[in-house]
S.K.: 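This is the structure, below, for whatever I ask next.
Counting begins at 1 with the first residue of the sequence. Please read all numbers here as calculations on a predicted model, not as lab measurements. Excluded from the calculations below are hydrogen atoms, water molecules and symmetry mates; all remaining heavy atoms, backbone and side chain alike, are included.
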Amino acid sequence: VWTQDDIDTYIRQFKKQLGGSWMRIFRDPANGGRWTLDLTASNERYDSTSNTLASVVGYDLRNIAKADDGTDLPPNVAPGIAGDCSMGQTPWGTIITAEENVQGYYGDLETSWNSNNRFLTGRGFDPGSLIELDVAPSEFSAYGLISNPDERKDKDNYGFLVEIDPGVDPSTYYVSVNEGGDGSGHRKLGVMGRVRWENCTFAMGDDFKLLPNQPVVIYGANDRRSGRIYKWVSEGNYVPGMTKGEVRALLDTGSLYVALFEDLEVST
C-alpha cells in the first residue's frame, strides 16, 4: 500500500522524467569512434518541474503561477512543460515541443466542450455569459495527487506549442526584444491557442530558411477527434539581416486561421 509520502516521491520523480534533454555528443576516437556523451558540456534538462520556466506569449494566464517552493512567478510565466509529443525545428535554431495530451497531469480543461468541439452549457460557456474556465488542478489527476498544494498547477498553464531555446538554462524564460529583453529563453506560443498539439512546421524556402520579406507562417494540428489544422501568420515580415531576437519577436503577434474542408469528393 502506497503512503502519501510514496505518492509525493513518485510524482516529483515523474515530473523530472517528463520533458527533454539538450546534450552534446561527439565521436570519441579513444572509444573506437563511437558516439559519446560529452559530460563536460553544459547539457540541459527541460522538464515538468518549476526548474523549467516558459513565458506564455499572446495569451493571458488567469492566475499568477507558483514555483514548486511556493514563491510567485512573474506574470504569464508557466512552471514546467507537460505532455510533450512531436516537435518542430525553427529556421532560427530553436526547438518546438508540442504539449499534446496534457489532460492527465493536472486535469482536463477541455471538459467544457464535447468531442465535436461544441460548447456545453453549465461548464463556463453559457450563451451571453463571460467565459469562465475551471483552471484549478484536479486532486485526482496524476500530478494533482501530490500533498503540497504549491506543487499542483493550474490546467491553464499547459496545452501549448513550446519553443525551447536549446542550451539556455531551463529557468530562463523568454522576454521579447520589443519589451526590453534580449529575445533568448523559453516560451509557450499562446498566439496559436491551446489544443492537443501534435507538432508544427514552418513555411520555408528550398534552403530551409525563412522567405525574405514575407511573414513567418506556422502550421500545426490538433491531434484529437474532430481536431483542426491551424495556420498562424506573423504581423510583421522577416527581413534578411535580422538578429535571432528580432526574428523571434515576429512570433509575438499575428493572426490565427483554421482550415475548413467542405464539399470534398473522395474517390475510392
Side-chain angles (χ1 to χ4, degrees), residues 15-28 34-58 65 67 73-74 76-100 102 157-192 197-205 207-210 216-220 232 234 238 240-252 254:
K15 285 186 174 184
K16 292 178 180 179
Q17 297 301 317
L18 189 66
S21 298
W22 177 257
M23 59 189 69
R24 180 178 180 271
I25 60 175
F26 66 102
R27 286 189 182 275
D28 187 0
R34 292 187 178 93
W35 287 105
T36 304
L37 175 64
D38 184 357
L39 297 178
T40 66
S42 57
N43 303 313
E44 301 289 356
R45 177 69 183 168
Y46 307 102
D47 59 26
S48 288
T49 73
S50 63
N51 291 332
T52 298
L53 299 178
S55 57
V56 182
V57 177
L73 295 176
N76 250 41
V77 171
I81 55 180
D84 307 285
C85 189
S86 186
M87 53 78 71
Q89 183 173 342
T90 72
W92 49 90
T94 58
I95 298 296
I96 302 291
T97 178
E99 292 185 311
E100 188 186 356
V102 299
N157 295 314
Y158 310 98
F160 301 99
L161 292 171
V162 185
E163 185 183 10
I164 296 294
D165 199 356
V168 174
D169 187 280
S171 65
T172 302
Y173 56 87
Y174 170 82
V175 179
S176 173
V177 295
N178 295 330
E179 297 178 353
D182 65 1
S184 66
H186 321 296
R187 64 176 166 182
K188 302 193 177 190
L189 300 181
V191 290
M192 288 197 68
W197 293 109
E198 173 65 26
N199 55 20
C200 76
T201 189
F202 291 78
M204 295 179 284
D207 57 359
F208 296 99
K209 296 181 180 179
L210 292 173
V216 179
V217 179
I218 307 173
Y219 294 93
W232 184 87
S234 67
Y238 163 70
M242 279 182 161
T243 65
K244 178 179 176 180
E246 291 171 336
V247 175
R248 293 190 74 191
L250 293 175
L251 270 63
D252 293 347

S.K.: Ignoring hydrogens and geometry beyond distance, is a side-chain donor-acceptor pair present between R45 and S21 at under 3.5 Å?
M.R.: yes
S.K.: Residues in salt bridge (Lys or Arg N to Asp or Glu O under 4.0 Å) with K244, at least two apart?
M.R.: D165
S.K.: Any heavy-atom pair between the side chains of I96 and T90 that's under 4.5 Å?
M.R.: yes
S.K.: Could you list all the salt bridge (Lys or Arg N to Asp or Glu O under 4.0 Å) pairs where at least one residue sits in residues 87-99, not counting sequence neighbours?
M.R.: E99-K188
S.K.: Is there a side-chain contact between Q17 and D47 (heavy atoms, below 4.5 Å)?
M.R.: no
S.K.: Under the salt bridge (Lys or Arg N to Asp or Glu O under 4.0 Å) test, which residues partner R34, sequence neighbours left out?
M.R.: none
S.K.: side-chain contact (heavy atoms from CB on, under 4.5 Å) for L250 and L210? Distances and angles first, verdict last.
M.R.: CA-CA 12 Å; L250 293 175; L210 292 173; 5.6 Å; no
S.K.: Taking only residues two or more places apart in sequence, or in another chain, which ones meet F202 in a ring pair (Phe, Tyr, Trp, His ring centres under 6.0 Å)?
M.R.: W92
S.K.: Rounded to the nearest 0.5 Å, how far does OG1 of T172 lie from NE2 of H186?
M.R.: 5.5 Å
S.K.: Indicate yes or no: at least one non-hydrogen side-chain atom of T36 is less than 4.5 angstrom from one of R27.
M.R.: no
S.K.: Checking Y174 now: which residues fulfil ring pair (Phe, Tyr, Trp, His ring centres under 6.0 Å) with it, not counting sequence neighbours?
M.R.: none
S.K.: Restricting to ring pair (Phe, Tyr, Trp, His ring centres under 6.0 Å), what partner residues turn up for Y173, sequence neighbours left out?
M.R.: none
